[in-house]
Amino acid sequence: MTSQDNSLLSCVDSPVTQIRKHSAGNLTGDLRKVKDLAADIHNLILKWASLNSRGVDIITRIANMKIEKVFNVQEVSGGPQPALPLELNPLCDLLLDLVGDMKKIVEKLESKTKLAESLVSLKVFNTSTTVSDVLFQTMSLEDIAETVREICTDYQQEVSFKAELCKYVGHAASRDVIMFYTSCWVHQPYVSTRTCDLLQALLIETGHVQS
Amino acid sequence: MDMVNSFDGDTKGASALKRLMQKYFKKLISGLVGLEKCEAMCKTSVASLSNLLEQLESLLQVDTRGEMLTCQFPDLLSRMQVKISSEIDVKVGYILDQIEVLKEQHHLAYKVKWDVLNLCKKYKADLSHSLLTTGQPTVPPLSVMFSWIDDTERLFREIYCSRQFFLENLMDKSVLNSGNLKDLWLEGVPSLINLIKDCEEQTKYFLEEKI
């Protein structure tokens, strides 16, 4: 097809929002902000993962201590549950501190969500339309804000769950319960696989990861 | 005695049998390193699978009455079940891929077994009882080598099929649980590896022969 043919075809105006072609130069405006936002969220989640694995070590030590010094002793003696060992205290404090750090990460995620929502509001204010263009490949600014909100919601739920878990872990009543608490920490029940997919989608969309 | 000439007096049938067995034992022995490596990897994966099963068992045994965390988070148990089950599925898929090597080795042994039987039928007149049962100081008799082929075929089949059965019945308490999985998994493996090592040692000179 010749270039003349192409120019004829370009006269057709599609109502569907078109992918914007970006030059190889530096990004500016919304594109720059969204790309940085995606990178920040990715970094925050990496920090979360690192804190979570530190938490796994601590909670495993708590569980082992409970099994060794409480449940095993109780099984041998056959009497009531012995007093909780004093060594549990510093471990529970460590876990609480860790959850404090996780809360800070969630606060940062919340501020990133607000930023994404503000970008949408600004766009609506400037253009007076509710439908915005595709920013990178498939997502509009609203889609990006929705994705960030969903990611943030899961981590908010998970951190409030972990904060509660910390309160009960030292007082687990049986071997099964302490095992259950440990696996709850490891598997992060409120961070769904969808959240991981959304983050991956965001990174692919913004070009941080090649699909 | 020059080993190269030791088979000069062989009949056509005996030579064909020896060539076939030589080819098989070379393949079997060269696969030993891969098999041991695969077994080591499998052992780690099975330990991890057993740990996941243990977590699932504790989850199902947790007495939710009076358990505060599950009262505060009513969807916790179901979320955890979904999370652990999906991890178990991923692990099972990975292990199924790893044990494919056993299936391949079984196919090889099975094919050779039938080829040996067909050669015995074809050269019935050529093969006397004494020819099959008499060995040399450094070369085992053909009948012994045939029994090795038969044993390896049986062991590969038994190990592969029982493992598949275990993986298909992970949730069936009458078949297995987190406690017996590791032991059941290794059933037959030491005998198989000993048999292959035995073959390697005893066929050392036989494999160097030019038939």
Side-chain angles (χ1 to χ4, degrees), chain A residues 49 52-53 55-57 59-60 62-64 66-67 70-72 74-75 81 92 95-96 99 150 153-197 200, chain B residues 43-97 167 170-183:
Chain A
N52 194 58
S53 57
V56 172
D57 292 339
I59 205 163
T60 310
I62 293 175
N64 287 339
K66 282 273 299 185
I67 289 171
V70 179
F71 304 130
N72 284 354
Q74 190 187 9
E75 266 173 27
Q81 209 175 73
C92 291
L95 203 60
L96 266 175
V99 172
E150 277 193 51
T153 309
D154 270 18
Y155 281 92
Q156 279 170 332
Q157 278 186 300
E158 183 63 27
V159 84
S160 59
F161 168 68
K162 279 192 155 70
E164 287 303 310
L165 181 63
C166 275
K167 291 182 195 166
Y168 298 115
V169 73
H171 304 283
S174 67
R175 202 182 283 260
D176 280 331
V177 173
I178 194 83
M179 277 285 291
F180 169 58
Y181 287 166
T182 311
S183 49
C184 277
W185 186 285
V186 174
H187 294 289
Q188 310 204 81
Y190 291 93
V191 179
S192 59
T193 41
R194 183 176 151 78
T195 306
C196 305
D197 293 343
Q200 196 63 18
Chain B
K43 209 173 164 182
T44 320
S45 305
V46 169
S48 162
L49 179 64
S50 167
N51 186 263
L52 285 170
L53 283 178
E54 200 180 348
Q55 289 179 32
L56 195 62
E57 283 164 15
S58 323
L59 183 76
L60 298 174
Q61 281 166 14
V62 165
D63 186 6
T64 49
R65 287 168 303 166
E67 210 286 300
M68 291 303 288
L69 202 60
T70 47
C71 294
Q72 278 175 273
F73 297 90
D75 56 346
L76 177 61
L77 284 175
S78 54
R79 276 176 178 267
M80 281 298 290
Q81 248 176 314
V82 170
K83 279 252 172 178
I84 298 178
S85 304
S86 66
E87 282 209 30
I88 287 177
D89 286 347
V90 171
K91 198 63 77 181
V92 167
Y94 179 65
I95 295 173
L96 277 173
D97 285 345
L167 293 176
L170 276 180
M171 299 300 159
D172 187 349
K173 288 278 168 293
S174 62
V175 178
L176 52 83
N177 54 50
S178 59
N180 63 9
L181 175 63
K182 276 187 253 180
D183 293 335

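Note on naming: letters A, B, ... go to the chains in the order of the sequence lines (proteins, then strands), and numbering restarts at 1 for each one. Keep in mind that the numbers below use all heavy atoms, side chains included, and drop hydrogens, waters and symmetry copies.
- For A/Tyr181, the part sitting under 4.5 Å from any heavy atom of chain B is the side chain, from C-beta outward, and nothing else.
- Taking the side chain as every heavy atom from C-beta outward, B/Glu57 and A/Met179 never approach each other to under 4.5 Å.
- At a 4.5 Å heavy-atom cutoff, the contact between A/Leu165 and chain B is made by backbone and side-chain atoms alike.
- In terms of modelled atom types and a separation under 3.5 Å, the side chain of B/Lys83 and the main chain of A/Ser192 share no donor-acceptor contact.
- B/Arg79 has its side chain out of reach of A/Val191: every pair of non-hydrogen atoms, C-beta onward, lies at least 4.5 Å apart.
- Only the side chain of B/Glu87 comes within contact range of chain A, judged by heavy atoms closer than 4.5 Å.
- Under the 4.5 Å side-chain criterion, counting only non-hydrogen atoms from C-beta, B/Leu76 is in contact with A/Cys184.
- In this structure, the portion of B/Leu77 lying under 4.5 Å from any heavy atom of chain A is its side chain and not its backbone.
- Atom CD of residue B/Glu54 and atom CG of residue A/Asp176 lie 9.5 Å apart, to the nearest 0.5 angstrom.
- Only the side chain of B/Leu52 comes within less than 4.5 Å of a heavy atom of chain A; its backbone N, CA, C and O stay farther away.
- With rounding to the nearest 0.5 Å, the separation of CE in B/Met68 from NE2 in A/His171 is 12.5 Å.
- Using a 30° and 60° split on the angle between ring planes, B/Phe73 and A/Phe161 fall in the perpendicular class, above 60°.
- The parts of B/Asp75 that come within reach of chain A are both its backbone and its side chain, each placing non-hydrogen atoms under 4.5 angstrom from that chain.
- To the nearest 0.5 angstrom, A/Glu164 atom CD is 11.5 Å from B/Cys71 atom SG.
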